[in-house]
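Atoms within a ligand are numbered from 1 in the order they appear, just like the ligands themselves.
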Amino acid sequence: MRRKLAAGNWKMNGLSASVSEVTALTSTHVAPKVDVLLCPPATLISGLATAAAGHPLAIGGQDCHTAMSGAHTGDISAEQLRDAGATAVLVGHSERRTDHSEDDAQIRQKAEAAQAAALTAVICIGETLSQRENGATLDVVKTQLDGSTPDNATGANTVIAYEPVWAIGTGIVPTLDQIGEVHSFIRAELVARFGEEGHAIRILYGGSVKPANAADIFGVEDVDGALVGGASLKAADFSPIITALENA
Ligand code: 13P
């Protein structure tokens, strides 16, 4: 039985005052029936982890280097994220793939670094609009999934986030059938590669998840939760999404 996961990605948003959003979340979700994870910018990991201490709210990073330390100015390692209070890290978000030209091999190494530092790797995959229009969605998803996921992936150390690039930050959401098609495809691929363990790996949907559409999306088979961008910044928006997942 997979425990559902509501994850928030703050991207390059948030200042120290944003800690109040964590306090608001922990006071309204004292004992959530689902896992809750917030991934703030690296500057806020320590502060949010301190604010969430003792509450069932996990804190994660948004990226990590493939190495644990060394001459990599401006980068951050999985071990440093762990040291700051993170228990998870996003790898291969489409904005990293685009802005920093990250490829599947590099993302897989990042996921391995995350696992070596005892962080859960949330591996992000998803097609662009032109890839979807060309009928290449499942091919792209398969290539990214195969290439970015380490061989030792388990339900404990790996989460897959399906985020169609064209749905991120656009307010456009795939149909429930489109979401279901890709999630069941990913599930079948995970089971084909990892056997029984493939059933334990959670698959999140991401892209314009809002309080108004969350319940419908969470009703789709093999959707084990969401990776939420804009609507995770404010507790007032993220809280009803967590509640919708609890009720799914
Ligand atoms: P939005 O929810 O803002 O569309 O962002 C989704 C996302 O990229 C989460 O990683």
Quick one: do [X] and [Y] make a salt bridge, cutoff under 4.0 Å?
X    : Y    : value
E127 : R132 : yes
K4   : D224 : no
R202 : D35  : yes
D151 : R108 : yes

Which one holds for A167 and ligand 1: side chain close, backbone close, both close, or neither close, with close meaning a heavy atom under 4.0 Å?
backbone
Tell me, please: is [X] in heavy-atom contact with ligand 1, that is, under 4.0 Å?
X    : result
G206 : no
S94  : no
S208 : yes
K210 : no

Sequence-distant partners of Y162, ring-ring contact (aromatic ring centres under 6.0 Å, His included), two or more places apart:
H183
If the test is side-chain contact (heavy atoms from CB on, under 4.5 Å), which one of I217, V209, N213 qualifies with I241?
V209
side-chain contact (heavy atoms from CB on, under 4.5 Å) partner of I59, chosen from L38, L44, L81, T50
L38
Considering both backbone and side-chain atoms of G207, is one of its nitrogen or oxygen atoms within less than 3.5 Å of a nitrogen or oxygen in ligand 1?
no
With nothing but distance in play, are any N or O atoms of E95 less than 3.5 Å from an N or O of ligand 1?
no
Which of the ligand 1 atoms, numbered from 1, are nearer than 4.0 Å to a heavy atom of [X]:
X    : value
E163 : 6 (C), 7 (C), 8 (O), 9 (C), 10 (O)
L227 : 9 (C), 10 (O)
G230 : 1 (P), 2 (O), 3 (O)

Least distance between heavy atoms, S94 atom then I168 atom
OG-CD1, 3.3 Å
If you scan protein heavy atoms around atom 2 (O) of ligand 1, the nearest is G229 N, 2.9 Å
